[in-house]
Amino acid sequence: MIRTSTSPPWSPSFGRKKILFATMAIQTGFSIVQVFSTSWEMFAILFLIVGMGQISNYVAAFILGSEILGKSARILFSTLGVCIFFAIGYMILPLFAFFLRDWRTLLLALTVPGLLCVPLWWIIPESPQWLVTQGRIEEAEAIIRKAAKQNKVPAPAVIFKTAEETKQRHIRRYTILDLIRTHNIRIITILTIMFWLIVSIGYFGISLNTPNLNGDPFLNCFLLAAIEVPSYIIAWQLLRHVPRRYSMCGTMLLGGIVLLLIQLVPQSLHILSTVMVMVGKLGVTAAFSMAYVYTAELYPTVIRNMGVGIGSMSSRIGSVISPYFVYLGAYNRLLPYILMGSLTVIMGLLVLFFPETFGRPLPENVDQTQNVKGLCCTKKSEKDHENSEELKNGIILMTTKL
């Protein structure tokens, strides 16, 4: 199982829910067709299409959940909700591969569970925040009122007092160029690209280096998957209690320093080396999981999907580069760990330049974006703050019991 995710550019126009289920249908449908491939060329083409679907639905699901849920529930969803189930699927993969040695049977067994997501169309609502940015205030209010009713919480008579002003403010369409339009957003985007690139190199480099570890490859794969469970639990607690910059910096430094220390372990101590690799992956994985939450909090609603998408697209570049780090092990088994560890430590320090979002509501527009450390801060307008509070209160109604 490979974590691949970038955001579809049409999501801001068509909404989170439609894109989520459309990309899930692409992934599941073409995976089933892939089982009946008659040649390598057919398999590769279908695999490309499957990847396009899977690449998009991971982030679409994350963004939708982040915008529907309140702060405490959003953190729980982003770590134990999304990531820990990713780890469970990761652990199931080597188990299935061990018992199902035929690739067609293995692929079918991994694909069929996707059909269980079909009934979710009638359960999962559209993002109220996205509806507000599109000026569809009545639909957003209807979703919030329905959720408040299910939670047995009284909803106020008027949820959005400035509906007309909100419609006017969000009437224009946003493009990927808005990620670099202002100086502050531009620096955030550059730092985001660098972070996702480097954390992806570390994560995939360690994962793909599994066959080079001593011992059974199926067991090693399972262990490196299992270590992600405590990693996500740690990330969950850090997101709840520690400021984002320090959480990211600490986990990156933990992963990077441990990877650098592997070179000091004698070759005869294979078990110690494997344990240190697992600890290094624990740190990098925790940072990777928090990246989704942090990036979503950095960007305003109008460009959030594109912001997370550009970051996770950078991680795809990292995943493409990471096998070449692994290949360096043919010349020196420690070289991949030295390079990955050095990059991870450097990025762990650069994370401190990000704005802090801990305890703050999600920004709705570009003006509400937190400033990068070292830049002059601009005061948010009263109307922006008032609208942000209104939407925050509405989402609290939706997640009161979570």
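Since the structure is predicted, the reported quantities are computational estimates derived from the model, not experimental observations.
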Quick check against the 3.5 Å criterion: does [X] have a side-chain atom that pairs as donor or acceptor with the backbone of [Y]?
X: Lys17; Y: Leu64; result: no
X: Asn57; Y: Phe21; result: no
X: Ser273; Y: Leu269; result: yes
X: Ser200; Y: Ser315; result: yes
X: Ser37; Y: Gln34; result: yes
X: Arg104; Y: Val35; result: yes
X: Ser312; Y: Gly309; result: yes
X: Ser56; Y: Gly53; result: no

message: Please enumerate all residues that pass ring pair (Phe, Tyr, Trp, His ring centres under 6.0 Å) together with Trp122, with sequence neighbours excluded.
response: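 Expected list: none.
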
Within the 4.5 Å heavy-atom criterion, are [X] and [Y] side-chain neighbours or not?
X: Ile227; Y: Pro230; result: yes
X: Phe358; Y: His241; result: no
X: Leu239; Y: Met290; result: yes
X: Phe195; Y: Leu350; result: no
X: Ser342; Y: Leu260; result: yes
X: Ile346; Y: Ile198; result: no
X: Val345; Y: Leu253; result: yes
X: Trp196; Y: Tyr292; result: yes

message: Show me the pairs that pass salt bridge (charged side-chain N to carboxylate O under 4.0 Å, His left out) and involve residues 265-293, at least two apart or across chains.
response: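 Sorted pair list: Glu228-Lys281.
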
Interatomic distance, [X] atom [atom1] to [Y] atom [atom2] [nearest 0.5 angstrom]:
X: Ile49; Y: Ser31; atom1: CD1; atom2: OG; answer: 10.5 Å
X: Leu238; Y: Met248; atom1: CG; atom2: CE; answer: 10.5 Å
X: Ile234; Y: Leu282; atom1: CD1; atom2: CG; answer: 4.5 Å
X: Ser289; Y: Leu80; atom1: OG; atom2: CG; answer: 9.5 Å
X: Trp236; Y: Ile233; atom1: CH2; atom2: CD1; answer: 8.0 Å
X: Phe204; Y: Ile321; atom1: CZ; atom2: CD1; answer: 12.5 Å

- request: Check the pair Val279 / Met276 against side-chain contact (heavy atoms from CB on, under 4.5 Å), numbers first and verdict last.
  value: CA-CA 5 Å; Val279 174; Met276 293 186 70; 5.5 Å; no

Are more than 12 heavy atoms from other residues, nucleotides or ligands located less than 6.0 Å from atom [atom1] of [X]?
X: Ile271; atom1: CD1; answer: no
X: Met52; atom1: CE; answer: no
X: Phe354; atom1: CZ; answer: yes

message: Which residue in the set Phe47, Trp40, Phe96, Phe43 passes ring-ring contact (aromatic ring centres under 6.0 Å, His included) when paired with Trp103?
response: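 The residue from Phe47, Trp40, Phe96, Phe43 that satisfies ring-ring contact (aromatic ring centres under 6.0 Å, His included) with Trp103 turns out to be Phe43.
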
Which atom names give the shortest non-hydrogen contact between [X] and [Y], and what distance separates them?
X: Pro363; Y: Glu297; result: CD-O, 3.4 Å
X: Pro128; Y: Ile68; result: CD-CG1, 4.1 Å
X: Thr192; Y: Gly307; result: CG2-O, 4.5 Å
X: Leu208; Y: Ser322; result: CD1-OG, 3.7 Å
X: Thr251; Y: Ala286; result: CG2-CB, 3.8 Å
X: Ile188; Y: Pro355; result: CD1-CG, 3.9 Å

query: Does the pair Tyr299 and Thr189 meet the rule for a side-chain contact (heavy atoms from CB on, under 4.5 Å), with working shown?
result: CA-CA 9 Å; Tyr299 286 98; Thr189 300; 2.9 Å; yes

message: Set out, in order, the CA-CA distance, both residues' side-chain angles and the distance that settles side-chain contact (heavy atoms from CB on, under 4.5 Å) for Glu126 and Arg136, then state yes or no.
response: CA-CA 11 Å; Glu126 181 55 271; Arg136 294 159 62 177; 5.8 Å; no

- request: Look at the aromatic rings of Phe86 and Tyr203 and report parallel, tilted or perpendicular, splitting at 30° and 60°.
  value: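 Judged by the thresholds at 30° and 60°, the geometry between Phe86 and Tyr203 is tilted.
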
- request: Evaluate the ring planes of Tyr324 and Tyr327, with Trp represented by its six-membered ring, and classify them as parallel (under 30°), tilted (30 to 60°) or perpendicular (over 60°).
  value: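 Perpendicular.
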
task: Report yes or no: do Arg304 and Thr301 form a side-chain donor-acceptor pair below 3.5 Å?
output: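 Distance-only check passes for Arg304 and Thr301.
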
task: Report yes or no: do Ser247 and Arg244 form a side-chain donor-acceptor pair below 3.5 Å?
output: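 Per modelled atom types, Ser247 and Arg244 side chains form no pair under 3.5 Å.
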
Residues Leu108, Val112; criterion side-chain contact (heavy atoms from CB on, under 4.5 Å); working and verdict: CA-CA 6 Å; Leu108 186 62; Val112 170; 3.9 Å; yes

